[in-house]
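All heavy atoms count here, side chains included; hydrogens, waters and symmetry mates do not. Proteins come first, then strands; the chains are lettered A, B, ... in the order of their sequence lines, and each starts at number 1.
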Amino acid sequence: MLPWLHVLSLSLSLAVPANTASTLLGVNPKLLARYAPDAAQKWTCLDRSKQIPWTAVNDDYCDCPDGSDEPGSSACSTGVFWCANDGHIGASIHSSRVNDGLCEYECCDGSDEASGACPNICKEVGEAYRNKVEAERKLRKTGSKIRSTYVAYAQKEKKRLEGVISAAEKDISEKEKEVARLKDIADRTEAISAEELERKKSSPLYITLLSQSTALKSLRREHEAAVARSKALEDILDSLRSNYNPNYQDMAVLEAVRSYEYQANLPHIGSAEAEANEEGSDEEDEEAKEDTKSSEIPEGEWSAEELEHQLDTLVHTDYVSLLVEHEKHIGADTDDPVYDITAYLPDSLIPQYEVLRTFLSTWLPKLGIIKAVVPGGGAADANKAREAYNAAERNLDQTKKDLDTAKEDLSDLFDVKGFGPQGEWKKLEGTCLSKDTGEYTYEVCLFDEARQKANHGGSTFSLGQVSNYFVFLKFSSWNTSPDATPGSPEYYSRQVYTQGTKCWNGPHRSVTVYLSCGTENTLNTIVELEKCEYQFIGTTPALCLPLDEAESKPRDEL
Amino acid sequence: MKVLGTSALTSTLVLLSILPQTLAVKAGDFRTCSQSGFCRRGRALASRAKEGIASWRSPYSVDPSTLSLSPEQSSFAAAVTSSLYPDVKFSLEVRLHEDGVARVRMDEVDGLKKRYDEAARWALVAEPQVSQDIKWTIGKTDARVAYGKGFELLVEFAPLRVVLRKGGKEQVVVNGRGLLHMEHFRQKAEEPAPVEPSEEGSDEQTVLKVENVRAWFEGESEDAYWEESFSGWTDSKPKGPESLSLDIDFPNHAHVYGIPQHATSLSLPTTTGEDPFFNDPYRLYNADVFEYVASATTSLYGSIPLMHAHSADSTVGVFHVVGSETWIDVAHSSAKSTETQWISESGILDLFILPGPTPADVFAQYARLTGTAPLPAHWALGYHQCRWNYVSTDDVRGVQKRFDEEDMPVDVFWLDIEYSEGHKYFMWDKKSFPDPVDMMNDVAAVGRKMVVIVDPHIKRSDDYPVYKLAQELDVLVKQKGGETDYDGWCWPGSSVWVDFFNPKSWAFWSSLFNPKQGSQWSWTDSTEDVYIWNDMNEPSVFNGPEITMPKDNVHYGGWEHRDIHNINGMILPNVTARGLVERGEIAKRPFVLTRSFFAGSQRYGAMWTGDNLGTWEHMAVGLKMTLANSIAGMPFTGSDVGGFFGNPEPEMLVRWYHVGAFAPFFRAHAHLDTKRREPYLLDEPYKGIVRDILRLRYSMLPIWYTAFRETSVTGLPIIRPHYVVFPNDPNGFALDDQYFIGSSGLLVKPVTRPDVTEETVYLPENQVYYDYFTNQAYRGAAKGKNIVVPAALHQIPLLIRGGSILPTRERPRRASSLMKNDPFTLRVALDNKSRARGELYLDDGVTFSHKDGQIVWREFVAEKEKKGKTVRLSSRDLAGANTATAVESVALATYDPQNSFARSIGGVRVEKIVVVGLISKPSSVSVEGGSQLQWEYVAGVAAGEKKEGVASVLTIKDPRVDVASDWAIVIKA
């Protein structure tokens, strides 16, 4: 791109090509046929807007509105100059580069400047170009071998998914039958026990339990909201502290930062102590904080971690089951083994048993053969039947879901907007590439999320994730440029990750990953050209197309 | 915001007074007059004078018995006494300079302390020469002197009153209203002063002392004499009260201009009197105002205490050289007069009265005092691409690549503060800028330059050589008491400031820019292609009062920061520029952009209007501010294209490029939080329009450079508002949205509103004006006339005044330095008598060889033969006949038209001549004494006709005449 030599002594008389020898200077070979005078020694501008004398072509004065009469000079502002570059590849340059005193690299034959001003370096340039092409070819060759393993992986994956699908389909039909059967049992068991259960439920113990549970859930909800709010506020303050822009010179902001630092026991950011201490003091502080926390817990109460764990269990308690358990516990010795018999029966006998059991449990007490048992036994039984049915149904749903996922994965696998026409990107799903830039380590896990991690303590920020909340949007992240059509190599040369953590006083963080063919999956450069908008530049073998494919495309120029 | 007053009237007034400020983002950061003790006292004095107007009499008078004339009799000195304090001694000196400028100096003599008297030393380019011819006549009650074209200067003794008259008419009256008050140094009374009054004002102070014989003048209370607080900051005021109030009236001038920098119209709106436009006086106190309001009297980054007063009869100027905070009230007691009051916190009275009587005279008089803007490097007139921040050496290369791919010309790439490691300027952040010298060389390879920021705050860090050196030299600003280095907070965090008032700091600072290793540490990671941007030199201190230094900080010589605050910003660009000149084997012209400035700053470089907003209002007011700077002697000026803050929509950005392309300094800049907006990122049609605008600017560089030569010699501004060009046309006195470029005859009115398709332009004379792009002829009228011109987004109202010849270079190039061998086009816009003239100035654009006569300065003239319709266009040398006024600051001993620069462009020709407004199709066009030329003629209206319509256009193809040679072309009817 860059001109490589200043022309020190430009002879101006040479800058004005006056004779016909140079009339064809700068003419693109494709247009050469049109640069000839008519019988009357006239010439028509290429856009046919004007007729001029043939002598006016390349006379260093712009006659044609389209600039076509001055292919060899800088006279027309819209012109294009052709350098033949014998020994290399011809090139077109803006006419603003012609006779400007600089030797253009693109014009290695030196024809853009007055004769003699620029040496012909096409031999060297051509050789360097050919070496570069060869090096690229080699890289591509090696890379494409790796890429072919990705393609093979996709094929294997395809087979695996097909296996998963057929197995799941079979599984589902069996499970559906099982669910129907369990539903039948549960329905019938419940018919018997529902009435009794209702009565139990009116016990003060159960009602109190229920309202305590409601209170617990509500408290937990409020607590979580409060924690989230406090965390969000802390994040804002943290982000404010590390990102606030001193250019605002806003004393209110400064005040906020300082108060926060005081509250959070942090050194003032940007201050000399802060920088000196940033690393060293952190650990000590952490320890100190831990100490104060644990020593403050009264005897018998739970620590934060225990609370977290226990609360979860408590909130998910099934109080109906508990009620039943409770009954069982109270009247443990009166428990009738009959009621547990289903557990020992083979599935095929259960329907018959159910009929028998209903008969017995209704009539035996009436006849005084056995003592009327606590109807809670009936409730417990109904509950178990319902649980069994629910579990079976959940299991079925899961299998159906697995099937759907497998089907979708299979269709994504060779989607041009997904893992590529050959599924070559499948192998890289979840592969994480990272780059340490000193202060931060940047990471992108392909098809998942990009992150910025502070190396010397501080928050990790999400820089953006593939928008995969809806499964069908999972691959909307390839090159969004309208010029890049799905399936083309340009399309796969960029991935976009958006909706990362919001910047203070700025947008949500986002990343565009620029990839090119390389033998390794790696990130080379991280740039933040605009605040919170990152560019990751790296390589991947997935973009190394096999040579025949790459070379079958015609190359027009450099 | 503040406690409202007790009565309905007061509260209304308070509301009114805070109204402009409430729009500002952080209005509370900066004082209003009522929050400033001395301003409050000054305004209270004025209101007492107004109330007691019948009996009001200034207490100051000259003691005639002490009067002594200087040997050449153009100056006199005398003692002045105040009836309030008969024991306090004041001195007065009145000098007349050779050019008729009068200097009035008054100081307290043998006081308890000394008033700051060095402001002129920084502002003036040299000690002015007093006249050898003009002689005072000393009478019993006055001293008077008559000189020049009907001028008379009168100094009345009791009370002291200074009057400049012209033809018997009062031009300037000093102390005519008796508001002169120089608060003498005094002892703090043992008894505590009365409780500090509310910040609302001092008018209604309760009477605490039983008898105060001075209360009629000074007020009852010692309002903020000894200590003053604002926004949590306390000013310890160790010297007590020392303010200076002064009334300067212009009984016969209805318009005043100048005293930049304020975001307001060129003709200054009133701040006091009946129904004032603003309620606070114009404030001069250099300040880093975040997101400043687009219409306010609030002080901004720079201060020039120069005011023009203008009427159809005459223009005069007053230049009050004071470096401390100053407030200026403006009122019109009648439609034809202006009254001003200048209230300064400290310093002596040092007033220059510039008699004019034309604007050009005032510019020349002011230029003789403070110097002119020297001719800048030619590349500095090109397009500057800036952003906070280009983030790496590769980023810079990438931006350059994109400009080149789009074939958009650009001369300079800028780096803001983030290039530096930890905001230690000069120290590259090697992670992102690993190869700065290579980067500079890559930029320079295409004939371009870089500008890198170096701010005056210095990070307190022992691994920073600049800090270590400054500390060892002991050249840092001290905190109050004068012992300890002042520590403030700026970009790098804890920082110190070099005290550039200390001469020891100069060589140290200048040497830092040496790219070669010398005896002192210097910036060896740089090249001679890098130039400097000095920002934050108000100085900006994030945790200081009003975002600057405490007033009781101590500078070299023991002066308080309050004394020198407004001067502070000018020395940094001065010593920076010196470093740039001295760093190479061959001295090259420096380029330094400064944000803060004072009278005289024009000698050191360019300025810009600071951190503007991306809004239409800021675009419009920015243009007015550049005009105000231009007429106040600071001609190399511009505002950030696009607006520093915000993301302008494409339409606004395009219009802003038009504004920028027609400003002397043309730079696009953007805040860190903004989206990238380099012109190549625009979509069509915007991108193409901006490319055309950039190319238009480059094609006109010969016109701009020629205008810069003129300003460097005469002090006439580069962009000229109407009152400067047509001083006798009252219709133009308040015009500040259209202006002329140098003496070229170009009249431009950038569009600064959205959704515009046509624009009204005012034509001030009976002359034809041509549309630059279409050659449409518009007819003006002797009484002035408004015309309507097309102004769609791709169009800028740009007219050529009939009678002008414009030299342009029409070949697009990547950078201006690549145009130096390109041929010229001459555009001859005939006036209604078929005449035209124009100038072209060229030199190497880089070195100081122009001062040795290595220049080409041509005049082009088109004249109609006395009889007949033949038009003769000729080119002749101007330098030889005007050796004294060819280049700035020196008179050329001789001029050799064959000088080596002229020879170096010997082959540069005129490739095209366009003659607009010929009466009829020529019969022949030929070089005089030479060959017939090829030409085309498109019929149209003639220059002298009354008809409107597209003018006739004669295009002469490649006459093959050299631009630096004498020649003539004859256009026969």
Quiz item: Is it the side chain or the backbone of Q934(B) that comes within 4.5 Å of chain A heavy atoms, both, or neither?
Solution: neither
Practice problem: Rounded to the nearest 0.5 Å, what's the gap from OG1 on T674(B) to CD on E530(A)? Could you check? | Solution: 7.0 Å
Exercise. Using the side chain to side chain contact (heavy atoms under 4.5 Å, CB included) rule, take V527(A) and D395(B) through it: C-alpha gap first, then chi angles, then the decisive distance, then the call.
Key: CA-CA 9 Å; V527(A) 273; D395(B) 192 8; over 6 Å; no
Quiz item: Can you name the residues that form a ring-ring contact (aromatic ring centres under 6.0 Å, His included) with H669(B), not counting sequence neighbours?
Solution: W533(B), F644(B)
Quiz prompt | Toward chain A, the part of R397(B) with a non-hydrogen atom under 4.5 Å | solution = neither
Quiz item: Within a strict 4.5 Å, meaning less than it, do heavy atoms of the D404(B) and R97(A) side chains meet?
Solution: yes
Quiz item: Taking all atoms of both residues into account, what is the closest heavy-atom pair of K957(B) and D59(A), and its distance?
Solution: NZ-OD2, 2.8 Å
Self-check item: Pairwise side-chain contact, E406(B) with H94(A), heavy-atom cut-off 4.5 Å (strictly under)
Solution: no
Quiz item: What part of E533(A) lies closer than 4.5 angstrom to a heavy atom of chain B: side chain, backbone, both or neither?
Solution: side chain
Quiz item: Are K431(B) and E439(A) within salt-bridge range, i.e. N to O under 4.0 Å?
Solution: no
Self-check item: NZ (K820(B)) with more than 12 external heavy atoms under 6.0 Å
Solution: no
Quiz item: Counting distance only, does the side-chain N/O of R676(B) pair as donor-acceptor with the main-chain N or O of L529(A) below 3.5 Å?
Solution: yes
Quiz item: CD of Q51(A): more than 12 outside heavy atoms within 6.0 angstrom?
Solution: yes
Quiz item: Quick one: do R811(B) and D100(A) make a salt bridge, cutoff under 4.0 Å?
Solution: no
Practice problem: Report the distance from atom CD of E528(A) to atom OG of S392(B), rounding to the nearest 0.5 Å. | Solution: 11.5 Å
Quiz item: Can you name the closest pair of heavy atoms from D958(B) and Y61(A) and give their distance?
Solution: N-CE1, 3.7 Å
Self-check item: Exercise: do S96(A) and R813(B) side chains pair donor with acceptor under 3.5 Å
Solution: no
Exercise. Can you tell which part of S817(B) gets under 4.5 Å to a heavy atom of chain A, answering side chain, backbone, both or neither?
Key: neither
Practice problem: Quick one: which residue pairs count as a salt bridge (charged side-chain N to carboxylate O under 4.0 Å, His left out) with a foot in residues 487-496 of chain B, not counting sequence neighbours? | Solution: R460(B)-D487(B)
Quiz item: Would you call E418(B) and K531(A) a salt bridge, using N to O less than 4.0 angstrom?
Solution: no
Self-check item: Note: D60(A)-R960(B) ion pair, threshold 4.0 Å (strictly below)
Solution: no
Quiz item: Can you say whether T437(A) sits under 4.5 Å from chain B via the side chain, the backbone, both, or neither, judging by heavy atoms?
Solution: backbone
